[in-house]
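Position 1 is the first residue of the sequence; numbering continues from there.
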Amino acid sequence: MHKKGKFMRDLSVATLILILLFSSGGQLAQAGVGEDSEERFQYNAVRTYGEHLDTGVWFRPALFHSVDFEFIPDSDLLLISEWPLDPHGSPVISTWKLNDTGIVEIGTVELAGNDSVVYDYASNQCGIPMAVRVVEGIREVFVGKCITKHSHHIEKYLLDDEGLIIPSSKQLILNITSIASWSQFHGIGEIEFGRGGALWVFNGYNNWALQAQDNHSLSGSILKFNIDMNGTIVHADDSPHSQGMDWNPLVYAKGVRMPWKAVEISENEWLFGDVGTVGIEEINRVNRSGMNFGYGYWGEGIDAEWNETGECPEGCEHLTDAILSYEHSVENPFFEDDSESLVSPNAAIMIGEIIPEGEIYPEHHWGKLIFSDFIGGWLRLFDVESENESQHLGHLGGVVDMEIGPNGYIYALRTGVQVAQDHSDAGLGYITIGIEHSEIEEESSFGFIDLSIIMLGAGAIIIIAYRKISNSE
């Protein structure tokens with residue numbers, strides 16, 4: 001018994017050493033993860049299930065013509081708006097169900113009544129932005145559409161029990177007319193319901209810079225108004241018009257060129273990207289009524305003769321500067337940071353999403369904005385509390401929208417409809433940001449093989465010990 005007791009004591013010590021070894025190995029496996037470790041951006045494409053394919057061109061994936069998407073609140077459904085396969089046809093909106101393996105098509109509905117619009121990139125840049133709200137169980141979808149070269153609509157539709165748009169429920173909410181008659185470019189860029197319940201419309205200048213400084217014109221403006229259940233518009237209580245200023249009652253701010261995408265960061269505070277022409281892309285912050293972001297005091301094309309100097313008639317002190325900007329240049333450092341970017345003199349800023357708090361994304365990125373360039377394909381993170389400071393995140397070309405899904409992930413929609421294509425990987429996917437495991441120092445942790453060998457060795461020791469104890473007895 002003396003030998004057996006001594007051996008059991010030695011075995012206990014050996015077992016304790018192995019336990020400590022395993023514990024230190026587990027801790028050391030994370031020791032190399034710090035602020036200097038490289039973070040890995042990943043776009044995880046989701047599969048599409050259904051008949052939603054371009055049958056005319058076999059190599060085009062589903063959602064090749066997609067331009068916007070929205071999750072339906074309190075559900076696992078989403079809507080995707082798309083250009084028609086026939087350029088002379090009407091746009092469509094499809095309904096999809098999100099599950100663990102992908103998105104399943106519920107159905108597709110055509111939105112008739114586009115009049116003279118031709119849906120190809122040589123003819124126009126009409127988006128089909130959407131906003132969704134649920135009021136007393138009634139699901140409503142608001143859609144921005146190009147109608148003619150000088151008219152754009154915001155229309156309201158109801159959804160049926162499956163989440164499909166009911167075409168017969170169409171109601172015209174707002175007709176935005178423009179004095180321009182030669183182009184249907186640069187119309188409605190983004191429509192979203194704010195946290196206070198109002199509808200925000202980020203509307204382009206319709207290729208006539210003078211309108212961006214006309215306080216009575218809806219073009220080149222940010223609009224804010226309320227809509228009751230009957231579809232009646234009520235102007236916002238904090239609009240310049242409500243404060244006694246000589247403005248259109250629906251206009252909240254002026255001086256924008258093409259505010260393509262926007263995201264709300266707090267009630268009545270939005271970040272929006274203003275797409276430039278051959279000069280500069282901007283991120284602007286709108287957080288009070290009556291703001292003016294300056295576009296229209298300097299013209300382009302036929303408008304350049306109006307004000308060649310770019311000087312403000314009454315001084316520029318009342319204008320608001322961008323909080324981040326970058327030039328259309330092959331020497332742009334944003335392109336240099338991304339080895340995969342498509343270097344081009346053209347650019348189009350795309351405002352994505354604010355990284356939400358929670359377990360999915362690293363805490364030190366919570367509250368930061370993801371933005372990208374539609375042409376170049378790079379993605380960057382912007383600290384909204386900083387001024388003109390951002391960091392490279394990854395590469396993802398052709399992104400037209402980002403939204404936070406019901407599972408907490410940020411989803412990105414990519415289109416195949418682009419001016420300068422570096423890919424045709426259209427579709428939907430979710431974004432992850434993690435630690436690049438190859439950057440963890442090897443000497444500070446055990447690998448899988450190392451741990452396997454140790455575990456096998458420990459098992460062999462226990463078996464031998466058991467046999468020796470049995471023999472001694």
Side-chain angles (χ1 to χ4, degrees), residues 127 129 131 142 144 152 154 173-174 176-178 186-227 233-276 280-299 303 310 312-325 349 351 369 371 384 387:
F142 294 77
H152 302 80
I154 294 180
I173 300 298
L174 180 64
I176 300 175
T177 59
S178 168
H186 306 119
I188 302 171
E190 177 80 286
I191 58 176
E192 291 286 354
F193 281 100
R195 300 179 189 181
L199 184 68
W200 293 73
V201 180
F202 295 80
N203 190 39
Y205 77 124
N206 200 214
N207 280 21
W208 199 273
L210 290 168
Q211 297 181 120
Q213 289 300 324
D214 181 355
N215 295 336
H216 295 278
S217 173
L218 300 182
S219 298
S221 306
I222 297 172
L223 315 179
K224 178 189 178 185
F225 50 88
N226 298 292
I227 306 173
I233 288 178
V234 180
H235 62 79
D237 294 337
D238 58 344
S239 68
H241 175 82
S242 298
Q243 300 173 28
M245 300 172 65
D246 187 20
W247 285 45
N248 186 300
L250 305 184
V251 174
Y252 191 82
K254 291 294 298 185
V256 297
R257 181 182 182 272
M258 184 59 231
W260 180 26
K261 291 292 177 181
V263 63
E264 187 179 29
I265 57 177
S266 64
E267 187 170 348
N268 287 328
E269 184 175 13
W270 295 74
L271 300 180
F272 68 92
D274 205 359
V275 179
I280 294 177
E281 304 294 296
E282 296 180 346
I283 296 179
N284 290 283
R285 185 198 307 264
V286 55
N287 54 14
R288 68 181 186 279
S289 66
M291 298 178 74
N292 191 321
F293 298 94
Y295 188 79
Y297 282 130
W298 43 90
D303 298 322
C312 307
E314 300 177 358
C316 297
E317 293 79 10
H318 65 293
L319 302 183
T320 300
D321 293 331
I323 59 175
L324 183 144
S325 62
I349 190 168
I351 298 297
L369 170 72
F371 73 99
V384 299
E387 291 291 336

*So, the side chain of Asn248 versus the backbone of Leu250: is there a donor-acceptor pair under 3.5 Å, distance only?*
yes
*asked:* Can a donor-acceptor pair be found, under 3.5 Å and without considering hydrogens, that links the side chain of Glu282 to the backbone of Gly273?
replied: no
*Nearest-0.5 Å distance that lies between atom CD1 in Ile351 and atom CD in Glu190*: 10.0 Å
*Quick check: are there more than 12 heavy atoms from other residues, nucleotides or ligands sitting under 6.0 Å from CG of Asn287?*
yes
_Closer than 3.5 angstrom, by distance alone: can the side chain of Glu192 be matched with the main-chain N or O of Ala131 as a donor-acceptor pair?_
no
*Rounded to the nearest 0.5 Å, how far apart are CG of Leu369 and CG of Leu324?*
9.0 Å
Return a table of donor-acceptor pairs under 3.5 angstrom between the side chains of residues 215-222 and protein atoms on other chains or two or more places apart.
| unit_1 | atom_1 | unit_2 | atom_2 | d |
| --- | --- | --- | --- | --- |
| His216 | NE2 | Asp246 | OD1 | 3.4 |
| His216 | NE2 | Asp246 | OD2 | 3.4 |
| Ser217 | OG | Ser219 | N | 3.1 |
| Ser221 | OG | Ser217 | O | 3.1 |
| Ser221 | OG | Leu218 | O | 3.3 |
| Ser221 | OG | Ser219 | O | 3.0 |
| Ser221 | OG | Lys254 | NZ | 2.7 |

*All salt bridge (Lys or Arg N to Asp or Glu O under 4.0 Å) counterparts of Glu264, not counting sequence neighbours*: Arg195
_Which residues share a side chain to side chain donor-acceptor pair (under 3.5 Å) with Asp274, sequence neighbours left out_ = none
_Using the rule given for side chain to side chain contact (heavy atoms under 4.5 Å, CB included), can you reason through Glu269 versus Val286, listing the C-alpha separation, both sets of side-chain angles and the distance that settles it, and then say yes or no?_
CA-CA 6 Å; Glu269 184 175 13; Val286 55; over 6 Å; no
*Smallest separation among heavy atoms of Gly144 and Ile188, with atom names*: CA-CD1, 4.1 Å
*Contact summary for Pro240 and Gly290, nearest pair of heavy atoms*: CG-N, 3.5 Å
*Candidate list Leu174, Ile154, Ile176, test side-chain contact (heavy atoms from CB on, under 4.5 Å), partner Asn203, passing option*: Ile176
*With sequence neighbours excluded, tell me which residues meet ring-ring contact (aromatic ring centres under 6.0 Å, His included) with Phe225.*
none
_Ala212 to Val256 - nearest heavy-atom pair and separation_ = CB-O, 3.8 Å
*What's the shortest heavy-atom distance between Phe293 and Asn284, and which atoms?*
CD2-OD1, 3.5 Å
*Would a 4.5 Å heavy-atom cut-off, applied to side chains only, mark Gln211 and Tyr205 as touching?*
no
*So Phe272 and Phe202, would you call those rings parallel, tilted or perpendicular, with 30° and 60° as cut-offs?*
tilted
*asked:* Holding to ring-ring contact (aromatic ring centres under 6.0 Å, His included), I want the full list of residues that pass it with Tyr252, two or more places apart in sequence or in another chain.
replied: Trp200
*Nearest heavy-atom neighbours spanning Ile280 and Ser325*: CG2-CB, 3.6 Å
*With sequence neighbours excluded, tell me which residues meet ring-ring contact (aromatic ring centres under 6.0 Å, His included) with Phe371.*
Trp378
_Donor-acceptor contact below 3.5 Å, side chain Ser239 vs main chain Lys224_ = no
*Less than 4.5 Å apart, any side-chain heavy atom of Val251 and any of Leu223?*
yes
*Hey, are the side chains of Arg285 and Leu271 touching, using non-hydrogen atoms and a 4.5 Å cut-off?*
yes
